[in-house]
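Below: one structure, written as structure tokens.
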2 protein chains.
Amino acid sequence: MTRTLTAKGAATRQRIVDAAAQLIRTAGAAGTSLDDVRAATATSKSQLFHYFPDGRADLLLAVAEHEAAQVLAVQRPWLDDLTTRESWRQWRDAVLRHYVELGDRCPLGVLTAELGKSSPETRAVVGELYDTWEAELARGTQAMGVERPLEVARAILVAIQGGVVMLRATGRVSYLETGLDAGLAPLLR
Amino acid sequence: MTRTLTAKGAATRQRIVDAAAQLIRTAGAAGTSLDDVRAATATSKSQLFHYFPDGRADLLLAVAEHEAAQVLAVQRPWLDDLTTRESWRQWRDAVLRHYVELGDRCPLGVLTAELGKSSPETRAVVGELYDTWEAELARGTQAMGVERPLEVARAILVAIQGGVVMLRATGRVSYLETGLDAGLAPLLR
DNA sequence: CCTGATTTGGACCAGGCCGTCCAGCGAGGG
DNA sequence: CCCTCGCTGGACGGCCTGGTCCAAATCAGG
């Protein structure tokens, strides 16, 4: 199944995924064609199908995995050590800063809004992202000794998701801020 | 600007909007073509462009307005009288029941996830929906005499949005339930 | 340097899509 | 009764899209 890739090939493949992710963040998955990707990466049609044999679906899946990893990566290192109020506050600020900066061109929004529904495989990727993310948050809420730590962690995740997707749909930041703070209230009170 | 429509014409137009909304709920806006709509309504191409002169964009806007109205309609009459714990609870149950029933074929999810980004006009529709919805909720939180009623109302809205969109992306209901309850906690505590 | 596999270029195709166009149909008002 | 104006049918064109295919270039390694 796994095909042999030289270093050069792997680099090209990575370049394609990066560019595709970038395009999809701004124009959406539906608004991004293979030709757009081809033009943005200065590659040829055959290369796309060489590195992604199943074509578009394959590329979208790779982008979904890339973006899912990205979502968790930008929360490091804060996500690893949510044991004090101060560390939670720093994490909150980092998350908020990140999404305000990105605006409506946001990997998480794309994942939740578009890629999740595009195929069973991408749906699984999104599900896994939620699971690991929630587990990390739950470790933090448990460490804080709050009541119903699992529910609190999940509610925080839902608030971020809602805020991000509303940011995407309206361009307004306040939803994310208010939702996130409400979700964190049990921890900081 | 406003074109004359006979009763028959208005009915046909409505039939097209209804069917298009239905299709888009299940297949998404990107996955629904004008031909699909045509087939589902047993109409002809010329009718689509007769009732929606700007074509696809025009139809999507009409669908967005239709769905936005729908989102508020299913919350009636509970939404009008959120003055007691009991009425909030009934509203909560109605909302939850509705979205669990719809699963991932949900007007709100489509609006937030896809239609919001499709054009400035639809984006405005979504923004207005959020505004009026939030205002209704805020009337309720104020009536309940809770602290920071505006923030609480907004957080509830964000939680619903997040829960619905995660339901859409994963098929899991628990996010909506947990998020909604967390948002309502300040009111029911 | 030779050889086989990997990487690349780009022409090509079939199908689907949006939108245009024109010609009939039907209803309702004068 | 008829005549106008809205309603309907469906063929058609041009464009873009995902996907196939083959041949040339490049590279790795013996």
Side-chain angles (χ1 to χ4, degrees), chain A residues 1-21 23-24 26-64 114-115 117-122, chain B residues 1-21 23-24 26-64 114-115 117-122:
Chain A
M1 189 67 207
T2 315
R3 326 199 14 272
T4 63
L5 281 190
T6 68
K8 188 181 181 186
T12 303
R13 194 194 128 103
Q14 191 57 46
R15 186 161 46 95
I16 294 174
V17 172
D18 288 343
L23 287 173
I24 288 177
T26 72
T32 304
S33 71
L34 292 187
D35 255 1
D36 293 335
V37 176
R38 199 188 47 70
T41 52
T43 53
S44 65
K45 211 64 174 296
S46 69
Q47 290 181 71
L48 289 184
F49 284 84
H50 180 69
Y51 295 109
F52 306 94
D54 287 343
R56 183 182 172 79
D58 224 344
L59 176 58
L60 285 184
L61 178 58
V63 168
E114 272 195 285
L115 293 178
K117 260 214 140 190
S118 83
S119 80
E121 287 80 8
T122 55
Chain B
M1 189 65 206
T2 316
R3 328 198 13 270
T4 63
L5 282 189
T6 68
K8 188 182 180 186
T12 303
R13 194 194 129 102
Q14 190 58 46
R15 185 160 48 94
I16 294 174
V17 172
D18 288 343
L23 287 173
I24 288 176
T26 74
T32 304
S33 72
L34 292 188
D35 257 1
D36 294 335
V37 176
R38 199 188 46 70
T41 52
T43 52
S44 66
K45 211 62 173 295
S46 69
Q47 291 181 72
L48 289 184
F49 284 83
H50 180 69
Y51 295 109
F52 305 94
D54 287 342
R56 183 182 172 78
D58 223 344
L59 177 58
L60 285 185
L61 178 57
V63 168
E114 271 195 284
L115 294 178
K117 260 215 139 188
S118 83
S119 80
E121 287 81 7
T122 55

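When reading the values below, keep in mind they use all heavy atoms of this one structure, side chains included, and skip hydrogens, waters and symmetry mates. None of the values given here were measured: they were computed from a predicted structure.
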When rounded to whole Å, the CZ to P distance for the pair Arg38(A) and dG19(D) reads 15 Å
At less than 4.0 Å, is any side-chain N or O atom of Thr12(B) found next to OP1 or OP2 of dT8(D)? Yes or no. yes
Please compare Gly55(B) and Ala42(A) by the position of their nearest nucleotide in DNA chain C and report the one closer to 5'. Ala42(A)
Given atom CZ of Arg13(A) and atom P of dT6(C), what is their separation to the nearest angstrom? 16 Å
Determine yes or no for a side-chain-to-main-chain donor-acceptor pair under 3.5 angstrom, with Arg56(B) supplying the side chain and Leu34(B) the backbone. no
Return the value, rounded to whole Å, for the distance between atom NE2 of His50(B) and atom P of dG24(C). 19 Å
Take atom CZ of Phe52(A) and atom C1' of dT20(D), then tell me their distance rounded to the nearest Å. 18 Å
Is a donor-acceptor pair below 3.5 Å formed from side chain Lys45(A) to base dG19(D), judging by atom type as modelled? yes
As a quick check of understanding, evaluate side-chain contact (heavy atoms from CB on, under 4.5 Å) for Tyr51(A) and Val17(A), giving each step before the final call. CA-CA 10 Å; Tyr51(A) 295 109; Val17(A) 172; over 6 Å; no
If I take atom NZ in residue Lys8(B) and atom P in nucleotide dA27(C), what distance separates them, rounded to the nearest angstrom? 6 Å
Which whole-number value in Å describes the distance from Asp54(B) CG to dT20(C) C1'? 14 Å
Nearest-nucleotide comparison on DNA chain C, the residue closer to the 5′ end among Leu34(B) and Arg15(A): Arg15(A)
For the pair Asp35(A) and Arg38(A), evaluate salt bridge (Lys or Arg N to Asp or Glu O under 4.0 Å) and give the outcome as yes or no after the intermediate values. CA-CA 5 Å; Asp35(A) 255 1; Arg38(A) 199 188 47 70; 3.0 Å; yes
Looking only at atom types and distance, does a side-chain atom of Thr122(A) sit under 3.5 Å from a main-chain N or O of Leu115(A), one as donor and one as acceptor? yes
So, does the side chain of Thr6(B) form a donor-acceptor pair with the base of dG6(D) at under 3.5 Å? no
To the nearest Å, how far apart are Leu5(B) CG and dA27(C) P? 17 Å
Under 4.0 Å between any heavy atoms, over every strand shown, what does Ser33(B) touch: base, sugar-phosphate, or nothing? Just pick one. sugar-phosphate
Here the distance between atom C1' of dC22(C) and atom CZ of Phe49(B), to the nearest Å, is 16 Å
So, Asp36(A) side chain and Ser33(A) main chain: donor-acceptor pair closer than 3.5 Å or not? yes
With a 4.0 Å cutoff (strictly under), does any side-chain N or O of Gln47(B) reach OP1 or OP2 of dC7(D)? no
Can a donor-acceptor pair under 3.5 Å be found between the side-chain atoms of Thr4(B) and the base atoms of dG6(D)? no
Among dG18(D), dT8(C), dG10(D), which nucleotide sits nearest the side chain of Ser44(B)? dG10(D)
For dT6(C), does either OP1 or OP2 sit under 4.0 Å from a side-chain N or O belonging to Tyr51(A)? no
Could you work out which one of dG10(D), dC7(D), dG10(C) sits closest to the side chain of Ser46(A)? dG10(C)
Picking from dC18(C), dG19(D), dG6(D), the nucleotide nearest the side-chain atoms of Arg56(A) would be dG19(D)
